[in-house]
Amino acid sequence: MTGRLAGRRAIVTGAASGIGAATVKRLTTDGAEVIGVDLMGDGLIADVATDAGVAAIIAAAGGRLDILINNAGVCPIAPLAELDDALWANGFAVNVTAPFRLSRALAPVLARSKAGRIINTGSILSSYGDATLAAYSASKHAILGLTRALANELGPMGITVNCIQPGAIVTGMTKGLFENPASVAHYTSRSPLGRLGQPEDIADVFAFLASDDARFITGQGVIVDGGVMSHS
């Protein structure tokens, strides 16, 4: 345990697996008290896309919070002709509206912290688009825009707001993609490091942005992709 986040309280959504689970583990290792939120698992069971879920998360904060990590996400995949309104709406409900609502509700609580942090999970698709990923790309562009706007609005309250933009990370959400050798070859060949990312690669950056070491970083989309975007 490093103690870097000792005495601080964090909420991590999408905490049951993948990046979220790795982030809970890392923040806990650094000394934080962490409330993990997901649809399943050992933490707080809540659906971030519902009124009841948001209310439960706000209640769990209990009026004391230092770090809000909006990590819960979905990845709608469909060609435009098959991308129905429900799929589109759910993508925005989870990826954008939930972080907005939680940030709005918990900003006054974070402002009472000596080091309030909001950290959102975006994607390298916050910076470009791809076929069959219109809903996902649009929602991840939106979360980056929300991050930048909130950084300007909440900065005077002492709250930093940043967005991590992961690249090709091996998680439950991407398992199907990376069971395809062609997909693995595509991403590893584009990375100067020659490998796919692991959840811990992102969790470590969450821990950094949550710490005092990142006190002068705000309004940023931090790309963590093994150099894939350096080709763009």
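The shown structure was predicted, so the numbers you read here are calculated from the model rather than taken from an experiment.
Within the model, atoms CD1 of Ile77 and CD of Glu82 stand 12.5 Å from one another, a figure rounded to the nearest 0.5 Å. Rounding to the nearest 0.5 Å gives a distance of 12.5 Å between CZ of Arg9 and CG of Leu68. Separating the CZ atom in Arg104 from the CG atom in Leu146 is a distance of 11.0 Å, to the nearest 0.5 Å. Expressed to the nearest 0.5 Å, how far CZ of Arg215 lies from OG1 of Thr160 amounts to 11.5 Å. Here the CG-OG distance, from Leu144 to Ser127, works out to 6.0 Å after rounding to the nearest 0.5 Å. For the atom pair CD1 (Ile164) and OG1 (Thr121), the distance works out to 6.5 Å, reported to the nearest 0.5 Å.
Although no hydrogens or angles enter the test, the distance criterion places a donor-acceptor pair under 3.5 Å between the side chain of Thr218 and the main chain of Val161. Formation of a donor-acceptor pair under 3.5 Å by the Ser191 side chain with backbone atoms of Gly227 is not found in this model. Looking at Asp213, its side chain never comes within 3.5 Å of a backbone N or O of Leu209 through a donor-acceptor pair. Using modelled atom types, one side-chain atom of Ser189 and one backbone atom of Ala185 make a donor-acceptor pair closer than 3.5 Å. Side-chain atoms of Asp30 do not come within 3.5 Å of backbone N or O of Leu5 as any donor-acceptor pair. Side chain of Asp66 to main chain of Gly116: no donor-acceptor pair is present (N/O by atom type, distance under 3.5 Å, no hydrogens or angles). Side-chain atoms of His141 come within 3.5 Å of backbone atoms of Ser137 as a donor-acceptor pair (strictly under, hydrogens ignored). Side-chain N or O atoms of Asp130 include none that pairs as donor or acceptor with a backbone N or O of Leu133 at under 3.5 Å. Between the side chain of Gln165 and the main chain of Ile223, no donor-acceptor pair closer than 3.5 Å is present. Judged by distance alone, with hydrogens and angles left aside, the side-chain atoms of Lys140 form no donor-acceptor pair with the main-chain N or O of Tyr128 at under 3.5 Å.
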Determine, stepwise, if the pair Ile169 / Ile202 fulfils side-chain contact (heavy atoms from CB on, under 4.5 Å).
-> CA-CA 8 Å; Ile169 311 298; Ile202 308 302; 3.8 Å; yes
Show the numbers, then the answer: is there a side-chain contact (heavy atoms from CB on, under 4.5 Å) between Ile11 and Ile69?
-> CA-CA 6 Å; Ile11 288 175; Ile69 294 181; over 6 Å; no
Assess whether side-chain contact (heavy atoms from CB on, under 4.5 Å) is satisfied between Asp51 and Arg101, documenting all intermediate values.
-> CA-CA 10 Å; Asp51 291 345; Arg101 295 176 74 191; 2.7 Å; yes
So Val12 and Ile35, side-chain contact (heavy atoms from CB on, under 4.5 Å) or not? Walk me through it.
-> CA-CA 6 Å; Val12 178; Ile35 301 168; over 6 Å; no
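Taking hydrophobic clusters as Ile, Leu, Val, Met, Phe, Trp and Tyr residues chained together by side-chain heavy-atom distances below 4.5 Å, Leu87 does not share a cluster with Val94. Both Val74 and Ile57 are assigned to one and the same hydrophobic cluster, defined by single-linkage of ILVMFWY side chains at heavy-atom distances under 4.5 Å. Placement of Val224 and Phe208 within a single hydrophobic cluster is found when ILVMFWY residues are connected by side-chain heavy-atom separations under 4.5 Å, directly or transitively. Under a hydrophobic clustering in which Ile, Leu, Val, Met, Phe, Trp and Tyr are joined whenever their side-chain heavy atoms come within less than 4.5 Å, directly or via other members, Leu44 and Leu27 fall into different clusters.
Residues Gly91 and Ser139 share a closest heavy-atom pair of O-CB, 4.1 Å. Scanning both residues, Ala16 and Asp38, for their nearest heavy atoms gives N-OD2, 2.8 Å. A pairwise comparison of heavy atoms in Arg117 and Ser211 identifies NH2-O, 3.0 Å as the closest pair. Listed here is the closest heavy atom pair of Val24 and Gly36: CG2-CA, 4.5 Å. Among all heavy-atom pairs drawn from Leu65 and Ile67, the shortest one is CD1-O, 3.6 Å. Taking every heavy atom of both residues into account, Pro99 and Ile143 meet most closely at CB-CD1, 3.7 Å.
A salt bridge is defined here as a Lys NZ or Arg NE, NH1 or NH2 lying under 4.0 Å from an Asp or Glu carboxylate O, and Arg4 with Asp212 fails to meet this definition. With respect to the salt-bridge test (charged N to carboxylate O, under 4.0 angstrom), the residues Arg64 and Glu33 qualify. In summary, Arg26 and Asp204 engage in a salt bridge, as defined by a charged side-chain N under 4.0 Å from a carboxylate O. Between Asp201 and Arg195 a salt bridge is recorded (basic side-chain N to carboxylate O distance below 4.0 Å).
At least one side-chain heavy atom of Leu39 sits under 4.5 Å from a side-chain heavy atom of Asp47. Counting only heavy atoms from C-beta outward, the side chains of Cys163 and Gln220 never approach each other to under 4.5 Å. Two residues are said to be in side-chain contact when any heavy atoms from C-beta on lie closer than 4.5 Å; Leu150 and Phe100 fail this criterion. Contact of the Pro76 side chain with the Trp88 side chain is not registered, since no non-hydrogen atoms from C-beta on lie closer than 4.5 Å. A 4.5 Å side-chain heavy-atom check between Tyr187 and Asp225 finds every atom pair outside the cut-off. Two residues are said to be in side-chain contact when any heavy atoms from C-beta on lie closer than 4.5 Å; Asn70 and Ser103 meet this criterion. In this structure, Thr13 and Leu102 have side chains that are in contact, with non-hydrogen atoms separated by less than 4.5 Å.
Thr147 and Asn120 form a side-chain donor-acceptor contact under 3.5 Å, judged by distance and modelled atom types alone.
By the 6.0 Å contact criterion, CD on Glu200 is enclosed, its count of non-hydrogen atoms from other residues, nucleotides or ligands being greater than 12. Counting heavy atoms of neighbouring residues, nucleotides and ligands inside a 6.0 Å radius, atom CG of Asn180 exceeds 12 of them.
Exactly one of Val222, Ile119, Thr23, Asn162 qualifies for a side-chain contact (heavy atoms from CB on, under 4.5 Å) with Val205. That residue is Val222.
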